[in-house]
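What follows is one structure encoded as C-alpha cells, with my remarks underneath.
From a predicted model like this one, the values you see are computed outputs, not experimental measurements.
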Amino acid sequence: MRKLLFFVVLGLLPQIVLAQGSWSHHLRVDAAAVGAVGDQLPFWLHSGREGRWDFAEEQQLLAGVGGGLQWTPGEHWRLAVAGEGRYGGAEGGAYLHALSFQADAYFLSLRVGRHVFDPIFEAGYKGHGAYLYGNNARPADRLTVGLPAYTALPGFLSRWEVKGELSHALLDDGPADKYHREVLLHEKYAYLRYNGGTWKPFVGLNHSVLMGGYRTNGEKIPLDYWRSILGRSSEKIGGGDATNAGGAHMGLFDFGLYLHSTSGTYRFYYQAPFADGSGMRLGVRNRDQILGVHWQPARLTWLDNLSVEWINTAYQSGNGMPDARVTLNNGETISVIAFQLDDPAYRENLMRGLGVPNPESYSKKEVGQYLEDNYNHGNRFGGRDGYMSNGVYPAGWTHYGRAMGSPLNLSRDQVAHLNPELGTSNSTLLVNDRFKALHLGADGRLGTRWYWEGMLTAARHYGSYFQQYPERYTWDETPGYYFKGGRSQFYSRLGARCRSSRIQGLVWKLEVAVDAGALSRSAGCLGGLSFSF
C-alpha cells in the first residue's frame, strides 16, 4: 500500500504544482516525556493515543514531526497529503506512524495509506473511546472510500441524510501465534439521519471482519472475500465457518439523537456491540450497551465538551456454552448446532444416542430444553460471545497489541505484572473483554491561552469467557480464576496546555494521571511541547 501511495503522489505532483488553486500547509514538531511510579504507565497516559506510548515502560521519551499539504482547485475538490514520523515511545526507535493521500470530490472521499479509521464520533468527543474502530491502536495501512459526512438525499427526500464508508486494511504486525500475519481487515459503516431542524434522530450499523492470514500452526487460512464481508457461511474456509459465517466478525448498533438548543448541541446515543447472530437480538440475547451523551455548551466559556458514558459488556449473550457438546452412549463426542434440530430424524437419532426413552416423541423445543437442562446448567446456548476476540485469530481486534476499539478491552500483556491465573487457553490476546464502567470526560478553555482537559473512569473488569471456561465448551472453571466476581479499577487524567505569549505556534503541555484498584496502582505525569508552523 505504501508503494501505491508513492506512485499516486508522484504522478499527481507535477499536475498539482502547475495547477491553479488554493494552497495550505502545516508542519508540527513535538517532543514529550512520561514518567511513572507503580505497576505501569497510568491508563489514560497511553490509551486513546494511537499506540504511541508503551504501557509497560514507566519512563519514555517520544519525539515526532508531522504535517500536511493541501490543494483546493475548486469549491468541491480537494487533494491532500499528510504524514507523521516518530522516534521513541512504544517503538523505541524511528518509525513511520502515518502517511496518507486523500482526494475529496463533492461529498465523496478517498484515502489511501496509513491512517486512523475513527468515524463513529465527531470532533470534541471526550468519551472512553469508540467500541469499534477508534484511536487506541496504531494506524493501519488502509484504503478508505465513501461519504464521511452526513449528506442530504435529493429532491423530496432532502430531510433524510446518509453517511457511510468502506475501509480495507492489511494487518501484518507479527507472528500469527501472538499478533497478525497477513490478515485482511474489512470494515464498513452506514448511518441514516432525519433532519428535523433542532432534532436529528439517527440509526447506524458498523461491521468489522477479519479474514485470511495464517493459523497458529502455520497453516494458511483460505480467503473467501465476498462471503466473509457479507457474513455468510463458507465451505471454502471450512470448519465452523462452513455452518456460521466466513471470517471473524464484530458489529455495533448505534441509535441516537442530535439535539440543538439554546444551551448547546447534544448527541445522545445507545450502542450495542455484537459478535454473532445471537448478539444481534437486542433486548433478548444482547443486554450489553454503551449509553452516553456528548454536550457542547453554547454559553459556558470555560467548557467546550462534556461526555458521560455508561459501558456494559459483561453479559455477551450469557454464560451458556455456544453450542451443545454431548457424549453419546457409544463414546463419541459431538457438537449439536441449533439448525440441526429442525430435522426430525436427527432429533430422534440424537436422543436415542443419549439413551433417552421414546426418542421419537421429542419436538425441537423439547430437545433444546433437554440439552439446556442436562448440559448447559439451564442456560440458553449461543452464549460466551467473546467480544473483540476469536479462536482462529489469537490477536482478535488488536494492532501491535492494542485493542482496535475500546481501550478497556485489556490484553494479556497489560495485566502481566499481576501474574494472575488466566486459564489454560492461549487462543486469545485479549484477556478482559467483559467489563462495566462509568466514564466522564471534558475539556475547555481558561482565557485565551490556557486549555484544560480531564478523564475519569471507574470500571469493574470481569475477564473473558474464553479464559474462565477453557476451550469454551465446558463448565469446568479455571481454578482460582483471577477475574471471577469482578475486579474494580479507577483511572484518571488531568491535563493543561498553554500557548506561548512570546513565540507564535509554541504550546506547552502537562498531564498528571493516577490509577488505583486491583489491576494497577500507579501515578505519573507527561510533559512536553509542540511547535507549529
Side-chain angles (χ1 to χ4, degrees), residues 75-76 78 104-111 117-135 144-167 187-208 229-231 249-274 277 279-299 304-312 405-406 439 441:
E75 180 182 359
H76 302 292
R78 185 175 75 99
D104 298 333
Y106 291 86
F107 45 80
L108 294 174
S109 179
L110 169 68
R111 285 173 290 166
F117 186 66
D118 187 16
I120 294 180
F121 292 103
E122 295 83 8
Y125 166 74
K126 299 298 293 182
H128 88 293
Y131 195 83
L132 270 181
Y133 319 138
N135 62 355
T144 303
V145 61
L147 288 74
Y150 278 110
T151 302
L153 295 175
F156 68 94
L157 295 174
S158 60
R159 285 277 188 175
W160 294 96
E161 301 170 330
V162 296
K163 72 173 183 176
E165 288 183 293
L166 301 173
S167 188
E187 298 183 303
K188 54 184 175 289
Y189 68 92
Y191 279 75
L192 176 66
R193 183 172 75 174
Y194 178 77
N195 188 347
T198 59
W199 58 282
K200 299 178 181 180
F202 67 89
V203 58
L205 177 62
N206 302 269
H207 183 215
S208 182
I229 68 172
L230 295 175
H249 295 259
M250 272 300 302
L252 183 76
F253 292 113
D254 191 359
F255 306 93
L257 171 71
Y258 292 91
L259 178 64
H260 300 273
S261 72
T262 56
S263 61
T265 300
Y266 300 83
R267 174 177 172 173
F268 301 93
Y269 50 94
Y270 168 85
Q271 299 173 341
F274 62 90
M280 297 182 72
R281 300 170 63 185
L282 296 178
V284 180
R285 297 304 305 274
N286 191 338
R287 303 177 189 176
D288 300 316
Q289 72 283 132
I290 298 97
L291 287 169
V293 57
H294 177 219
W295 177 40
Q296 293 180 306
R299 299 177 178 179
D304 291 334
N305 296 280
L306 174 66
S307 295
V308 181
E309 289 181 326
W310 163 253
I311 311 103
N312 178 9
S406 168
H439 173 84

So, taking the atom named CD1 in I290 and the one named OH in Y131, what distance separates them when rounded to the nearest 0.5 Å?
7.0 Å
Tell me, with the steps shown, if S307 and H439 meet side chain to side chain donor-acceptor pair (under 3.5 Å).
CA-CA 8 Å; S307 295; H439 173 84; over 6 Å; no
Could you check whether any side-chain heavy atom of H249 comes within less than 4.5 Å of a side-chain heavy atom of F274, counting everything from C-beta outward?
no
Can you confirm whether I120 sits close enough to L252 that some side-chain heavy atom of one is under 4.5 Å from a side-chain heavy atom of the other?
yes
With rounding to the nearest 0.5 Å, note down the distance linking OG in S167 to NZ in K188.
11.0 Å
Calculate, to the nearest 0.5 Å, the distance between atoms NZ and CZ belonging to K126 and F121 respectively.
13.5 Å
Once you round to the nearest 0.5 Å, how far does CG of N195 lie from CG of L153?
11.5 Å
Rounded to the nearest 0.5 Å, what's the gap from OH on Y258 to OG1 on T198? Could you check?
15.0 Å
When rounded to the nearest 0.5 angstrom, what is the spacing between OH in Y269 and CG in L257?
13.5 Å
Classify the ring geometry of Y191 against Y189: parallel below 30°, tilted from 30° to 60°, perpendicular beyond 60°.
perpendicular
For R159, is there any backbone N or O sitting under 3.5 Å from a side-chain donor or acceptor partner on E161?
no
E187 side chain to Y133 main-chain N or O, any donor-acceptor pair under 3.5 Å?
no
Does some side-chain heavy atom of F202 sit less than 4.5 Å from a side-chain heavy atom of D254?
yes
Give the ring-plane orientation class for H294 versus Y125, where under 30° counts as parallel, over 60° as perpendicular and anything between as tilted.
perpendicular
